[in-house]
Amino acid sequence: MTDTSSALRIVWIYPDLLSTYGDQGNVLVLKRRAELRGIPTETVRVLSSDPVPEQGDVYLLGGGEDRPQILAAQRLRSDGGLKRAVEAGAAVFAVCAGYQIVGESFGDDDDNPLPGVGILDVRSGRGDTRAVGEIVADVDPALGAGRITGFENHQGRTALGPTARPLSTTAVGIGNGNGTEGAVQGQVLGTYLHGPALPRNPALADMLLSWRVGELAPLPPAWGERLHEERLAAALQ
Amino acid sequence: MSELPLRAQLASVLGKSAASLSRATGRGDGSVIGGRVALKVEPDLLGKLARGRRLTLVSATNGKTTTTRLIAAALRELGDIATNEQGANMPTGHITALANSPDARNGVLEVDEKYLPQVIKATNPAVTVLMNLSRDQMDRASEINLLAKKWRDALGTSETHVVANADDPLVAWAGLGARHATWVSAGQRWKEDSWCCPECGGHLKRDPDPYWECPECGLARPEASWAVDNGDDVVVDPNGVRFGMRLNLPGDANRSNAAIAMAVGAAYGIHPKQSLPRLREIRSVAGRYTSVVTHGTEVRLLLAKNPAGWLESFAVLGPPDVPVLLSVNAQVPDGKDTSWLWDVDYTVLADRRVFVLGERRTDLALRLETDGVPFEVADRVDDVVARLKAERPDLPKVDVIANYTAFQQIRAAYGRVQ
Ligand SMILES: [Zn+2]
């Protein structure tokens, strides 16, 4: 979608099942940063009872408790729309439970593997301890999003297969549990930075937008950049 | 008190002196430390102290301190009561409350959501009140669906009589596990945590509000015998009699809290005509809804700890010419994670003067910027009031909404107002 005369379609997947940590923030900030550049947007909220539209540009998946996570994975698999959208070139930003869901498999409450949507070559299970706190990580320089900051709250441990590569290397926090944080495969991005990861990392939001609309005009620094600096300083203190 | 075994009596006395010491040394209100000492000496103390009393336990994500206060007011119709009015809502606080009122036959205890199952088990309460469940301090609280399941299981093995909000699906599902229940249609303004059926995960049909049902498994809202009519400021009792509420506490949320208090009162045999005047006397609860006057302006303090609480607070703000100050911290009692700010819709503030304060005011600033709400950044409430007053000498009032430690800091600055 390099033609900016039509609206950028932001699709929020299952806010009824996957929205526990301010996930709405990612939707709002993508929309705002696109519109500040004169790119019109259209936001679609897809409830778990509805089919997933295939014409979206960016698909967002949020966090969720164990049972909603299992339900969401089942529904997305039987719906098939998200997978077809990715095959057609859509971008995906999935956090926390959403990150695990878009992978090949994830663990249920007893850590038995359940199948994911299979658009990101990762497998997640349960660790012994819960990772809770501020996280800082350095994004793969090839992606150009710099140092990211967020809050993690999960018990997941994620192993990457050969097709996916780590989003970043952790400086503070647990992330995937092996010194890396998140995963990228084509335009599918998963991360344990939960909730409003894009508000706290304007460069990451812009990277995601640029995957769909090409190069973006820079924006003057505002509160997002200020918060980014402030949280980095607090976590690295 | 004489029925208590010696060891429990001793523990109770020890607890009391530790609490007096804590008060005397200025380390808090004493309610937690007293109970902690007592628990060490006698682990079954809570059960022993509860024996022979008719207790009500109150749990919810929001409004439990206020509702406990309202129920206490209603139950005083029957004489002395035991209650943890300072909001120390874990077992140590319950022990202190009961030990401090050894002769009270009746009591009402606010209970932290996570502790409710064990406190039901320990105290064998006559009544258990369940009001609402929603996301709250998620860096440490357990998941709310899991919590509802634990409530449901605990109620299933108890003889307690549940008084619960039929309009909150998660709460109703938990309450349906109990053998005896009184349902109150107390409304649910925050719905983002209950789109799915607690029984099977199906998508709930929720209309017309407050009705809800699951088209997949058939779980449905229990029929309520008490109801709140916010439009008419009325509570309707099980006989269909309408009582004008005219509370001094503001907003729909407090109408719900009061209706629940009246239903609990009725379970103790107190008629609404007797309980309602007692509820009207309450104007503030541990500083909440209190107004202080500074620079000749009324400053009203509202505590809101989570998205549902912020929604309730926005609903009771003064007219648009009343400025609002928002203050957010992220200390341990607040939850270290501010993600929840993104679950709240701030666009309702767009037409008024808004100030952001607190340790996490930058988070608030970005949040408001994203919603297109103009705001100013400030350090202290008093500075803002002085500045506003200089600009507008006839300024009658400002509202302050703050989360837990931010609220306590502001309250302390005004001398721990009640
Ligand atoms: Zn169902």
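Convention: sequence-line order gives letters A, B, ...; per-chain numbering from 1. Predicted model, so just to flag it, every value in this text is computed and none were measured.
- If you measure heavy-atom distances from A:L47 to chain B, the contacts under 4.5 Å come from the side chain alone.
- Residues A:W223 and B:L368 form no side-chain contact, since every pair of their non-hydrogen atoms from C-beta on lies 4.5 Å or further apart.
- Here the SG-CG distance, from B:C196 to A:L71, works out to 7.0 Å after rounding to the nearest 0.5 Å.
- Side-chain contact between A:H194 and B:D337 is present, with heavy atoms from C-beta onward closer than 4.5 Å.
- For chain A, the option among B:L204, B:D371, B:T370 with the highest count of heavy-atom pairs below 4.5 Å is B:T370.
- A:L28 touches chain B through backbone and side chain together, each having a heavy atom under 4.5 Å away.
- Residues B:L146 and A:E65 share a closest heavy-atom pair of N-OE1, 4.2 Å.
- Among the candidates A:A222, A:A197, A:P199, the residue making the largest number of heavy-atom pairs closer than 4.5 Å to chain B is A:P199.
- Around atom CG of A:D110, more than 12 heavy atoms belonging to other residues, nucleotides or ligands sit under 6.0 Å away.
- Across all non-hydrogen atoms, the minimal contact from B:H203 to A:S48 is ND1-OG, 3.9 Å.
- Interface check for chain B: of the options A:P15, A:S19, A:A234, the most heavy-atom pairs under 4.5 Å are formed by A:S19.
- Of all the listed residues (B:V344, B:L366, B:D193), the one sharing the greatest number of non-hydrogen pairs under 4.5 Å with chain A is B:L366.
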Exercise for the section: Apply side chain to side chain contact (heavy atoms under 4.5 Å, CB included) to A:R32 and B:E369, showing your working. Expected result: CA-CA 10 Å; A:R32 179 173 164 85; B:E369 179 190 69; 3.4 Å; yes
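- Summarising the local packing, CZ of B:R352 is surrounded by more than 12 heavy atoms from other residues, nucleotides or ligands at distances under 6.0 Å.
- Heavy-atom contacts from other residues, nucleotides or ligands closer than 6.0 Å to NZ of B:K149 number 12 or fewer.
- Taking CG from A:D66 and CG from B:N145, the interatomic distance works out to 10.0 Å, rounded to the nearest 0.5 Å.
- Residue A:R33: no heavy atom, backbone or side chain, is found under 4.5 Å from chain B.
- Once rounded to the nearest 0.5 Å, the distance linking CG of A:D23 with CG of B:D343 reads 7.5 Å.
- Remark: B:F314 CZ is packed, more than 12 non-hydrogen atoms of other residues, nucleotides or ligands lying under 6.0 Å away.
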Exercise for the section: Please step through side chain to side chain contact (heavy atoms under 4.5 Å, CB included) for the pair A:S49 and B:K205, ending with a clear verdict. Expected result: CA-CA 11 Å; A:S49 49; B:K205 243 181 74 191; over 6 Å; no
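- For A:R67 (side chain) and B:P198 (main-chain N/O), a donor-acceptor pair under 3.5 Å exists by modelled atom type.
- Between B:D363 atom CG and A:E230 atom CD the span is 7.0 Å, to the nearest 0.5 Å.
- Here A:G224 is the residue among A:G195, A:G224, A:G150, A:P68 with the most heavy-atom pairs under 4.5 Å with chain B.
- Between A:G22 and B:W342 the shortest heavy-atom distance is O-CB, 3.5 Å.
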